[in-house]
Student: 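Starting off with a structure, shown below.
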Amino acid sequence: MMSEEDTVGMTSGILGVARRDLLLAWKRPGDILNPLFFFAMVAALFPLAIGPSPEQLQFSGPAVMWVAALLAMLLSLNSLFLSDFEDGSLDQMLVSPVPLSALALGKTLSHWLTSGLPLVIVSPVVAITFQMPFAVTGYLMVTLLLGTISLSLLGSIGAALTVGLHRGTALLSLLILPLAMPVLIFGARTVSLVAAGDGVAGGLYFLAAYAVLTLSFAPFATAAALRISNE
Amino acid sequence: MTAKLSADGLTLFRGERCLFQGLSFALNPGELLLLEGRNGSGKTSLMRAIAGLIEFEDGDVLWEGKPIRTNRPDFYGSVVWMQHRVGFKADLTLVENLRFESHLRAQSGADLDVVLKRLDIDRLKRLPLRSLSAGQQRRVALARMLLSSVPLWLMDEPFTNLDREGRALVMDLTTEHLSKGGMCIMAAHQDVEIGGNVTKIELK
């Protein structure tokens, strides 16, 4: 009864889920725009509160933008598996020969494309309000690029663990924040170091290594967490 | 000869309550296993446990003689299921939803238009699923089963929300599936008229 041209597989699973979620995001753009607005608002309001002194703005810019990015990512994570859980799609994905970790990775990929990447793209605009020099902005984008990948992957574990709970947002933040701290510390500090004219290779290598590390275990942890949450 | 799907001495608890104890069954190609029982008697739980989503307290379900607990991919490659929640995205159209299915399990290559026509939902193709009635959504869930090429159908209350023609259609489709050597486990509290080898399990 099995068809000969069996297209079901890991890559097809990853891309299929990612494509479906991107299509959903396209049909409901509000879900993407909310965290992005949050990021832009927080980061744009800070300079108004701090005052017009360029030294102070340049000093606090990297930290404020990184904290805003981290919180915006957390904000978008809660809904990652929620709708799949509620409409039964998750059950369909669980009962499929495609490894659940591949499907989870596909969902995380789409999450990063719709929440992490937009932050990276708008960050130069927000950086203007902090009077950030052009060269520093470049590094800010690179750290955000590497950092948001880790945050999406770590966040998928937390989202999977809390999907069955009502109002799991607080718990999700508590679970994720300790693991996200290194990203925040190295991300913000690396940008500050660029601004001060110091060497930054170490920080970038760390962020890249952390992204690879999370990529190697997060999909499996997420899959295991989904099976537990869906009992 | 070992049965294609068999279970021996299944015991399932939900919370403190024992739903059933020492339940056994065997299912071979062309056979239907009909789960009957009152509301809350554990039909859905049994179905979810067979699908591996909840764990039995005791006993194992075997697929081709191997416990599915340790052979999930093998078993999941042979099963498609229909449950209370249809498992589609409300914002996507019928076709977009069904196209996603091809990433989850083997497809029979049946022509989409023919299948949709048979289920009488062909004119709803371009509509988002949320604008369909509950019964129409159940028909889309039936399309998922017809488009897949797996031997085992798990159907949890397939008649819910369906009109008389819809219910007859479910029975016809299941009869056809069984005659082609398929298998089906169905939970239902209506009278079911399905041709083929039917085994009934009454859950108390």
Student: Atom CG of A:Leu94 and atom CZ of B:Arg72: how far apart are they, to the nearest 0.5 Å?
Tutor: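 Here the interatomic distance stands at 8.5 Å.
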Student: Do A:Ile14 and B:His103 have side chains that get closer than 4.5 Å, going by heavy atoms?
Tutor: no
Student: Would you say A:Met181 has more than 12 foreign heavy atoms packed within less than 6.0 Å of its CE?
Tutor: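 Yes, the 6.0 Å shell around CE holds more than 12 heavy atoms from other groups.
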Student: How about residues 116-147 of chain B versus chain A: which residues have heavy atoms under 4.5 Å apart?
Tutor: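 Within residues 116-147 of chain B, the residues that come under 4.5 Å of chain A (heavy atoms only) are B:Arg130, B:Arg144.
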Student: Is it the case that atom CZ in A:Arg227 sees more than 12 heavy atoms from other parts of the structure closer than 6.0 Å?
Tutor: yes
Student: What do the steps show when you test B:Arg48 against A:Asn230 for side-chain contact (heavy atoms from CB on, under 4.5 Å), and what is the final call?
Tutor: CA-CA 11 Å; B:Arg48 288 179 71 81; A:Asn230 201 49; 3.6 Å; yes
Student: Per the side chain to side chain contact (heavy atoms under 4.5 Å, CB included) rule, which among B:Trp81, B:Phe88, B:Phe100 passes with A:Gln92?
Tutor: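 Testing each of B:Trp81, B:Phe88, B:Phe100 against A:Gln92, the sole residue satisfying side chain to side chain contact (heavy atoms under 4.5 Å, CB included) is B:Trp81.
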Student: Looking at A:Gly16, A:Pro97, A:Ser83, A:Gly88, which makes the most heavy-atom pairs under 4.5 Å with chain B?
Tutor: A:Pro97
Student: B:Ser45 versus chain A, heavy atoms under 4.5 Å apart: side chain, backbone, both or neither?
Tutor: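 Interface part for B:Ser45: neither.
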Student: Which atoms of A:Leu103 come close to chain B, meaning under 4.5 Å heavy atom to heavy atom: side chain ones, backbone ones, both, or neither?
Tutor: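 Just the side chain, heavy atoms under 4.5 Å.
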Student: Determine whether B:Asn97 and A:Arg20 satisfy the following criterion, side-chain contact (heavy atoms from CB on, under 4.5 Å), listing intermediate values before the conclusion.
Tutor: CA-CA 8 Å; B:Asn97 269 307; A:Arg20 185 200 66 167; 5.6 Å; no
Student: Among residues 50-61 of chain B, which residues come closer than 4.5 Å to chain A, judged by heavy atom distances?
Tutor: B:Ala51, B:Leu53, B:Ile54, B:Glu55
Student: Mind checking whether B:Glu96 and A:Lys27 have side chains closer than 4.5 Å, heavy atoms only?
Tutor: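 Touching, per the 4.5 Å side-chain cut-off.
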Student: Check this for me: A:Tyr139, atom OH, are more than 12 non-hydrogen atoms of other residues, nucleotides or ligands nearer than 6.0 Å?
Tutor: no
Student: Does CZ in A:Phe217 sit with more than 12 non-hydrogen atoms of other residues, nucleotides or ligands closer than 6.0 Å?
Tutor: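 Yes.
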Student: Does any part of the side chain of B:Arg85, heavy atoms only, come nearer than 4.5 Å to the side chain of A:Leu90, both counted from C-beta?
Tutor: no
Student: For B:Glu64, does the CD atom have more than 12 heavy-atom neighbours from other residues, nucleotides or ligands under 6.0 Å away?
Tutor: yes
Student: Quick check: closest heavy atoms across A:Val95 and B:Val79, and the distance to 0.1 Å?
Tutor: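 A:Val95 and B:Val79 have their closest heavy atoms at CG1-CG1, 3.7 Å.
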Student: Is it true that, when you exclude B:Phe159 itself, more than 12 heavy atoms of the residues, nucleotides or ligands shown sit nearer than 6.0 Å to its CZ?
Tutor: yes
